[in-house]
Asker: 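Supplied in structure tokens, the structure appears directly below.
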Amino acid sequence: MSLCAVLGAFVAACTDNQSNLVLSGDCLVQEFEVAGSGAEIDRTAYTITVQVPEDTPLDDVEVTKLVLSDGAVADVVQGAHLNLTVPRAIQVTNGSLKQVWTVRVKVMQTQILSFTLGGFNGVIDQAAQTITVYLKEGTDITSIKPYITVSEGATVDGNEVSADFTSVRHYIVKNGNALRDYTVSVVLWSTPKALYISGSARESELNMEERTAYEWMKANVPMTAFASLRDIADGTTSLDVIDLIYWHCAKDNGALDGHDPFMAYVANAVGCANNMDALNAAVFNKLGAYYSEGGSMLLTRYATILPPFIGTSIDAGGGWMDTWATPNNCWQARNEDDPELCGGPWTFSIYGDNIGHPLFADLVGGGTATVYCTDKDYGVTNSVVCYNHAEGWSEYSGANGYNHWNERVQGRILGVNDPGNGNIVAWEFPAKGGAYGQGGIICLGTGCFDWYSARTGAEYKENYHRNIARMAGNACRYLMGN
Amino acid sequence: MGIYDGCIRAYRYNPAIGTCGDPMPYYDQKSGEFRILYLQEFAQNTESYHPMWLLSTKDCANYTNLGEVLPAGAAAEQDAGVGTGCCVYDAEQETYYIYYTGHNAACPQTEAVMRATSTDGLHYKKDMVWMLKGAEYGLSDTDFRDPQIFAGDDNRWHIVVSGKLQFAEFVSDNLQDWTLAESFGMPWGRMSECPDVFKMGDWWYMILSDQDKYGRCIKYFKGRTWAELKNAVKNAWFPNADEGKLDSRGYFAAKTAGNGQDRYIWGWCPIRYGADIYAKNTSVRDDVEPAWAGALVCHRIAQKEDGQLAFVPVPGIASKYGKSVQPVVVEQTEGADFDGMNGRISGFGMVRFSRLGYHNHISMTVKTRNAGDKFAFCFVRGEHKDGEENKWFQMGFNNQHWESGKSNLCRVEFKLEGNDAEGRYFDQFVNGALSNFVPRPADNTYNIDIFTDNSVVVVYYNNVLSYTTRIYGIQKNGWSINSLGGEIEVSDLKVTQY
């Protein structure tokens, strides 16, 4: 006797050989989106992997799309909010069937890393997803081609496609189902906020070392203009609205070896007599006033000799400017067209507890006391400006040498050429009468800080050398209070 | 009934599955009942485990099972394992809140506090957004569990969470948005869980479960204010002579609820495993975790004038054992002189009585001649026959302690005793089945109540001692009252059953 026959009297459906179970539908999740980002739906593992851009706040995200198979219902509905910092389950039922789907998040990299327009890099605010490009007034922006780099694996529409930037434009980065929408705007400027200065009279006369630094600054520090020392001396360029000056002073055929050669160089550049009164009147007083009123400076190579001439180092006894507090040891080993090839990366050492100093943020190989600046087979002129610390060599040598430096030069040592010791090759001054940082001066005299290589060896491959631009960028942000 | 040999069994489900873990009682104003959420433990848990089930009772003796109210999450979810929490009702919002622990080692944090809401206290909707994570407050993300909410004297809601070796206190005005108030250390820096905070009379109390291997049991602290109570907790200022301990190692994860008049406490008595009753009754050690979950056991809380607490019999349970049974003396040994309900026993004499049932309430008054005269009750005790081994279990009242500060204290100890086939006596002290220390009566008079329900045994005396333990095999076996060297007088012996 069959079971059906026994139960037949009680269960009517049994006589039709039918079950009450409703098994005709599916419990599929067909489409799923949170916060506008789609998902990969695995119908074998019953998993839903939502791909969202980095920085998406996951603790409260809205389910913006949920499409189920016909007749199915879920315990999470479109419009519901989920905390996706942890996996979540969605229970889908259809008639008598039930299936649990697990929702997980996969963070996709969708950043615009650089956005260049007319040779100028835009300022990117990743949190606000905005990019601002500062272009000189007069630039034709009705048809201009952007050059965009994005996170690995991501794509962006409109890269290298001419477009009209007279109003804001949107560039959407995609990686999988994750999207990130950037708003790009152009600001046309006429009055500069930053200056790149030089002993050369014109941009076209910059040597390649100086030119490379200038090109970097122009592209990366918004509203940068060129000014010669002569422009400053004769008032062609006003320093009134300038927040930052960068001077990378480089030359061939011998170093500017300290106090006197530097004076002679500046006097020649501005066309005045080579004595303190004339130089003060022509240029040092103007730069000193700029510094006293809160202007900041990034000075590299021979430009690092400048600060004592504009009032950074005041004699403790007499109260006068101690212009002889200039670096005491400078040299140049090779000319630019006949460089020395580095046997490996050239480095200098962060002094004291300055590893966390903003100047050294996000460096390649960073996080230790060693600052890598060049790579194997990179060609350097080995031009160095420093305060020599060698035993018996200078007033800054010996056990008390650094303390004496602090007392006389009145700055802060940031880098030396040997770990914990050696010549002082990086230092900074506080804002006049104020604190370090905004309005201050950063000096990088190390021979490792080299922008341009006329010749590289066969094994050269840039890795650490990008730290030059990074340190320059760090310094500019730090000095401008950003 | 108030004492269960496994929750499921009590509800006439298949007795082979399931035990009761971590009761979370509350008094439900709307129904006028006590309700007890608990974590449903199955012998074979799946990846999703410990859903919350709900019981209701008016008298703490008879319970209605209201079924599962909070399922465990799916395997990948934070609350794949549901941990202890609490239920509070917000009358203004007409909303029940369950705040509970989500436990899943595969998630970014092993433990987080989560919540669900309900309008009827039976059907809950989990909050899919809100989550309280210890790491966001500089606290542990592995130990962050057992949220307990109470209304403070400051008219704010407070939630206490068990973090890693410290409690975290958050405050809220709306039961939804919580701000960290402070975190404070656990007593002696030992991991404590399942905190319960309540006010009774003029005193604030915290009851917690100490996870220490040797010290495992529930403890309490008291203070005139919540601030004073927190000070007592972090400085381990104990309110009684036995480190604030209450009951025994056989009573854990207990929390309280009050109806405005009486306050009761519910905890679980761990199930014990073994091949037979002898293995089960002795498989208790003081350095090994007992099984997780067991039978739901309820006591009434008594408060003394100085704020000290004790657990006393639940009136509803006592009245449930309503069938009077005449105890029949079946054996008296030398030194015993017993007439059925009263008598005197001296030396190592004993009186053996007729067999017990499944649910027994034994009550009597024992008066010892001297303060240190010990006595005991023996269960699972049959007739001695020559040439046969005979074993039983002894609950001894040990009122002679020479340790410092304990000379006026008494505790119940447990051991296996017997005679081998040649008639030689043997005994085996069972570590880990002791009561805590309580005061010895000044007049040497012990008013004793012993409740048994299947294997669960609860002993009370003089409103100072409660001792919850397991003795398998009580039913259908005899029992005895023993003198242990001194002299005792027994009066008003009664046995009732249901």
Side-chain angles (χ1 to χ4, degrees), chain A residues 27-29 32-35 37 39-52 54-66 68 72-94 97-107, chain B residues 46-51 68-83 98-118 123-137 139-142 144-145 147 176-180:
Chain A
C27 295
L28 296 178
V29 173
F32 190 84
E33 283 181 14
V34 294
S37 291
E40 279 182 2
I41 298 172
D42 184 332
R43 294 185 176 184
T44 309
Y46 301 106
T47 57
I48 301 168
T49 307
V50 185
Q51 296 172 327
V52 299
E54 64 275 62
D55 306 334
T56 303
L58 295 174
D59 54 355
D60 186 354
V61 288
E62 184 182 345
V63 177
T64 44
K65 191 176 221 179
L66 175 60
L68 306 171
V73 291
D75 61 352
V76 170
V77 297
Q78 190 168 311
H81 285 247
L82 300 175
N83 183 334
L84 285 177
T85 60
V86 291
R88 288 288 184 185
I90 295 180
Q91 192 170 294
V92 180
T93 52
N94 198 343
L97 296 173
K98 182 176 99 172
Q99 180 61 51
V100 174
W101 295 74
T102 303
V103 183
R104 295 175 195 275
V105 163
K106 185 176 180 189
V107 174
Chain B
T46 64
E47 290 170 306
S48 302
Y49 57 98
H50 292 171
E68 180 179 288
V69 293
L70 190 82
E77 291 189 290
Q78 180 70 55
D79 58 352
V82 170
I98 291 178
Y99 276 80
Y100 66 101
T101 309
H103 182 105
N104 188 343
C107 282
Q109 55 285 314
T110 300
E111 290 183 339
V113 174
M114 304 171 76
R115 72 182 174 203
T117 53
S118 167
H123 302 87
Y124 280 88
K125 183 171 168 47
K126 290 183 181 178
D127 187 330
M128 300 297 276
V129 173
W130 186 87
M131 211 180 271
L132 195 62
K133 300 172 182 174
E136 292 180 359
Y137 298 89
L139 303 165
S140 172
D141 57 9
T142 52
F144 197 70
R145 60 177 175 271
Q176 292 183 43
D177 306 307
W178 297 90
T179 311
L180 179 67

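Quick note on labels: first sequence line is chain A, next is B, and so on, each numbered from 1.
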Asker: Suppose we screen for side-chain contact (heavy atoms from CB on, under 4.5 Å). Which residues come up paired with B:A135, at least two apart in sequence or across chains?
Answerer: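 Scan of B:A135 (side-chain contact (heavy atoms from CB on, under 4.5 Å), adjacent residues dropped) gives B:D141.
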Asker: Please report whether the ring centroid of B:W178 lies less than 6.0 Å from that of B:Y137.
Answerer: no
Asker: Hey, does the side chain of B:T46 reach the backbone of B:S48 with a donor-acceptor pair shorter than 3.5 angstrom?
Answerer: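 The answer is yes, because a donor-acceptor pair under 3.5 Å joins these two groups.
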Asker: For residues 39-47 of chain A, which side-chain donor-acceptor pairs fall under 3.5 Å, sequence neighbours excluded?
Answerer:
{"from": "A:E40", "atom 1": "OE2", "to": "A:Q51", "atom 2": "NE2", "distance (Å)": "3.4"}
{"from": "A:D42", "atom 1": "OD1", "to": "A:T44", "atom 2": "N", "distance (Å)": "2.8"}
{"from": "A:D42", "atom 1": "OD1", "to": "A:A45", "atom 2": "N", "distance (Å)": "3.0"}

Asker: Could you tell me whether a side-chain N or O of A:R88 sits under 3.5 Å from a main-chain N or O of B:M128, the two making a donor and an acceptor?
Answerer: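 It does hold such a pair.
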Asker: Side chain, backbone, both or neither: which part of A:D59 has a heavy atom under 4.5 Å from chain B?
Answerer: backbone
Asker: Enumerate by number any residue of residues 102-113 of chain B whose heavy atoms lie under 4.5 Å from heavy atoms of chain A; in the absence of such residues, state 'none'.
Answerer: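 Residues B:C107, B:P108, B:Q109 are the ones that qualify, each having a heavy atom under 4.5 Å from chain A.
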Asker: Using side chain to side chain donor-acceptor pair (under 3.5 Å) as the criterion, list what pairs up with B:T142, not counting sequence neighbours.
Answerer: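 By the side chain to side chain donor-acceptor pair (under 3.5 Å) rule, B:T142 matches B:S140.
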